[in-house]
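As structure tokens, the structure follows; a few thoughts come after it.
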Amino acid sequence: MSRTIPYRFEPNATAAALHAEHGEIEDGTETGVQVTIAGRLMLRRVQGKLAFGTLQDSTARIQLFAPGKVTPDFADFCDLNIGDWIGVTGEVMKTRKGELSVKVEGWSLLAAAARPFPDKFHGITDQDTRYRQRYVDLWVTPESREVFVLRSKAISLTRRWLEDRGFLEVETPMFHPIPGGALARPFTTHHNALDQELFLRIAPELYLKRLTAGGFERVFEIGRVFRNEGMSTRHNPEFTMLELYQAYADYADIMVLVEELVEHLALELVGTTELPYGDKTINVAAPWRRASMIELIEETTGQVVRLDMPIDDLRAIAREFHVEVKDSYGPGKLILEIYEKTTESVLWDPVFVTDYPKEVSPLSRDHRELEGFTERFEGIIAGRELCNAFSELIDPVEQRARFEDQAQQKADGDDEAMVVDEDYLRAMEYGLPPTGGLGIGIDRLVMLLANVHTIRDVVLFPTLRPEAT
RNA sequence: GCGCCUCUAGCUCAAUUGGCAGAGCAAUAGACUCUUAAUCUACAGGUUCCGGGUUCAAGUCCCGGGGGGCGUACCA
């Protein structure tokens, strides 16, 4: 069969709309309504001089009803392969057996599938193939398509929600001359004309705070960040982060913002705040619990830890919980390690874990009451970090001291430590108002909303080894 | 990085103690005017992930390598 492929095609209906508008008509009746639809032929049942097909578009599936006396080039229509793209024009009707259909009174081949489609019932089960050939997976794994539609809606709703609260969306550089804003190893690249080493950003944080200094009182950015670290069910080397900064706010304000945003997304996208997740549910209704790291460690382990206890005591406690203790760890780092080892993964319903040690929080402001701690929190859901936020450090002198401490840690061999960013310090020296800041991992948020358990199921094209050829 | 599991036709899966590599779907050729994972007939489809080894004989056992999954470690 050789057919000319048209240059354009103009559908005026979708499968889902047809089901919504005509789903209730009587069996064996015709509507008199002519429509044009397009999609892939997913199933085909030729029965002599009558053929049935199942057409799938981006919304749903609908049956094609093709009597030999009505359908032009009937033999060619019967020769279509599963996976072929076609456009169909005809009347909306329901078969005697009660299946809503479009009678094929005209049709065009829009693309032939030269490769056989996967098993029409089982689809693709091999994870690797699903990720590498997402263009096939999206057709044969309905849940896969649904997750990415949900992801798109979640990001769109988030944008609207923030804009309604006066936030301005901005774009800041992905190439950073100095990697900063988080503790992570960066990817490195090189600009030829400048003959300069550049880093793919590990966080937009320091640029967004420059904008706060620049007078944008509420800014946010949703974009990709890159971290040259391990891959797992929760880590992809490139992932999507929402960061926002709100002038005149502190970390308590940001907690309210987070719980309200997540509650809003759950209600809009899942219809409830009781999110099914695996064989349990997660209740994301606001307000979420607030509890300090120290408090939570004691709650789960019975062990009291304090920043001002003798460091050897802290080291002993850490070893007791099988934490790998390095000599360079101060008390703050030890407490964080103990928390991550014993407590984080057992927290299920949302909790804001507050008051992180200053030692491990180089960009957060000193706690207004607790010596040695900062006004920082992480939102933990299902044992995983959803977000990280703080009352931003606004004192340039203190920030310089923290940077220099980080630089020393880097010199001591910590390749995730920060380096001094003089331009950021200059911006702070011009004055940064009290500011609350937030980073949310969008991929992990979508995992929660979509009830999926691996980040690769919420990233269209996850990072994989190159395919062997 | 470490441990366990896995890899057979385009897809989904079989193959007993080591004994001729098979089936369904898809594809190809045909039959069939209410099917819907249509059905029926016929035909075709293979570097069993790769490379070694043991054996009369290897998809199967052993060694090495590769891809993938899970767990763990790492990871703001």
Side-chain angles (χ1 to χ4, degrees), chain A residues 27-28 42-55 61-71 74-75 78-83 93-101 103 113-133 136-137 140 181-185 202-203 205 225 227-237 239 241 322-324 333 336-337 339-341 344-345 353 356-357 360-364 374 376-380 384-390 415-418 439-441 444 453-454 456 464-469:
Chain A
D27 294 356
M42 298 303 282
L43 296 170
R44 191 198 50 188
R45 302 173 289 282
V46 177
Q47 191 159 340
K49 296 188 173 58
L50 176 65
F52 299 89
T54 300
L55 187 80
R61 291 183 168 199
I62 191 160
Q63 178 164 274
L64 305 176
F65 180 81
K69 286 182 180 164
V70 171
T71 300
F74 181 71
C78 294
D79 274 344
L80 286 169
N81 284 337
I82 287 178
M93 44 87 65
K94 192 172 265 189
T95 60
R96 296 206 290 268
K97 292 290 177 65
E99 183 75 28
L100 188 70
S101 307
K103 193 191 287 182
R115 289 174 181 266
F117 245 55
D119 187 285
K120 63 191 177 187
F121 187 63
H122 297 95
I124 306 175
T125 58
D126 182 55
Q127 298 271 54
D128 183 52
T129 307
R130 288 187 46 226
Y131 299 141
R132 289 189 197 276
Q133 301 183 29
V136 180
D137 177 51
V140 301
L183 302 176
R185 291 210 302 265
I202 55 176
E205 170 149 354
V225 298
R227 297 188 181 178
N228 203 342
E229 289 167 350
M231 294 157 62
S232 77
T233 53
R234 290 173 289 283
H235 300 85
N236 197 59
F239 62 101
M241 181 109 102
H322 307 104
V323 171
E324 189 191 343
K333 176 73 171 168
L336 177 68
E337 292 287 326
Y339 158 75
E340 287 182 346
K341 189 79 172 188
E344 186 176 80
S345 63
V353 181
Y356 277 60
V360 293
S361 311
L363 301 169
S364 354
T374 58
R376 170 183 169 192
F377 72 88
E378 288 192 358
I380 305 295
R384 296 205 287 259
E385 178 196 342
L386 174 74
C387 67
N388 181 26
F390 24 91
D415 52 10
E416 289 170 2
M418 296 179 184
I440 293 186
R444 290 182 184 179
H453 297 75
T454 168
R456 290 179 166 190
L464 301 170
R465 279 195 174 76
E467 201 167 359
T469 47

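Chain letters run A, B, ... following the sequence lines, proteins first, then strands; residues in each count from 1. Predicted model, so just to flag it, every value in this text is computed and none were measured.
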> Can you tell which of B:rA73, B:rA76, B:rG67 lies closest to the side chain of A:D128?
Replying inline: B:rG67
> Of all the choices, B:rA37, B:rA27, B:rA76, which nucleotide is nearest to the side chain of A:F121 once you look at every atom?
Replying inline: B:rA37
> Does A:F65 have its ring centroid less than 6.0 Å away from the ring centroid of A:F52?
Replying inline: yes
> A:P362 has a side chain; which of B:rA37, B:rA26, B:rA76 sits nearest to it?
Replying inline: B:rA76
> Taking a pair as Watson-Crick or G-U wobble with both distances under 3.5 Å, which nucleotide is matched to B:rG10?
Replying inline: B:rC25
>> How many whole angstroms separate atom CZ of A:R132 from atom P of B:rG68?
In response: 5 Å
> What nucleotide, of B:rU33, B:rC34, B:rU36, holds the atom closest to the side chain of A:K69?
Replying inline: B:rU33
>> Please determine whether any donor N or O and acceptor N or O are separated by less than 3.5 Å between the side chain of A:R44 and the base of B:rA38.
In response: no
>> Counting distance alone, no hydrogens or angles: does the base of B:rG24 have a donor or acceptor under 3.5 Å from a partner atom on the side chain of A:D119?
In response: yes
>> With a 3.5 Å distance limit and no angle check, can you tell me whether A:T374 reaches the backbone of A:Y356 through a side-chain donor-acceptor pair?
In response: yes
> Should A:R44 and A:L64 be marked as a side chain to side chain contact (heavy atoms under 4.5 Å, CB included) after you check the CA-CA gap, both sets of side-chain angles, and the distance that decides it?
Replying inline: CA-CA 9 Å; A:R44 191 198 50 188; A:L64 305 176; over 6 Å; no
> B:rU39 P sits how many Å from A:F52 CZ, rounded?
Replying inline: 14 Å
>> Could you check whether any side-chain N or O of A:R376 sits under 3.5 Å from a backbone N or O of A:V360, counting only pairs where one atom can act as donor and the other as acceptor?
In response: yes
>> Without decimals, in angstroms, what is the distance between A:L43 CG and B:rA26 P?
In response: 9 Å
> For A:G48 and A:H122, take the nucleotide of RNA chain B holding the closest heavy atom to each; which residue's nucleotide lies nearer the 5' end?
Replying inline: A:H122
> What's the verdict on side chain to side chain contact (heavy atoms under 4.5 Å, CB included) for A:L464 and A:R456, showing C-alpha distance, side-chain angles and the deciding distance?
Replying inline: CA-CA 10 Å; A:L464 301 170; A:R456 290 179 166 190; 3.6 Å; yes
> A:I124 CD1 to B:rA26 P: how many Å, rounded?
Replying inline: 16 Å
> Is there a side chain to side chain contact (heavy atoms under 4.5 Å, CB included) between A:I380 and A:E344 once you walk through the steps?
Replying inline: CA-CA 7 Å; A:I380 305 295; A:E344 186 176 80; 3.6 Å; yes
> Roughly how many Å is it from CE in A:M42 to C1' in B:rC11, rounded to a whole number?
Replying inline: 12 Å
> Given atom NZ of A:K120 and atom C1' of B:rG10, what is their separation to the nearest angstrom?
Replying inline: 15 Å
>> Could you identify the nucleotide paired to B:rG51, looking across every strand shown and requiring Watson-Crick or G-U wobble geometry with both distances under 3.5 Å?
In response: B:rC63
> In whole Å, what is the span from the CD atom of A:Q47 to the P atom of B:rG30?
Replying inline: 18 Å
>> Please report the distance, rounded to the nearest Å, between CZ in A:R96 and P in B:rU36.
In response: 14 Å
>> Can you tell me the base-pairing partner of B:rG19? Count Watson-Crick or G-U wobble geometry only, both distances below 3.5 Å, and say none if there is no partner.
In response: B:rC56
> Between B:rG68, B:rU33, B:rA27, which nucleotide has the shortest distance from any of its atoms to the side chain of A:R456?
Replying inline: B:rG68
>> Only pairs with both distances under 3.5 Å count, Watson-Crick or wobble alike; so what is the partner of B:rU72 in this structure?
In response: B:rG1
>> By nearest atom, which of the nucleotides B:rU33, B:rA27, B:rA76 is closest to the A:L50 side chain?
In response: B:rU33
>> Taking the nucleotide of RNA chain B with the nearest heavy atom to each, does A:R227 or A:M231 sit closer to the 5' end?
In response: A:M231
> Looking at B:rA73, B:rU36, B:rC34, which one has an atom nearest to any side-chain atom of A:S232?
Replying inline: B:rA73
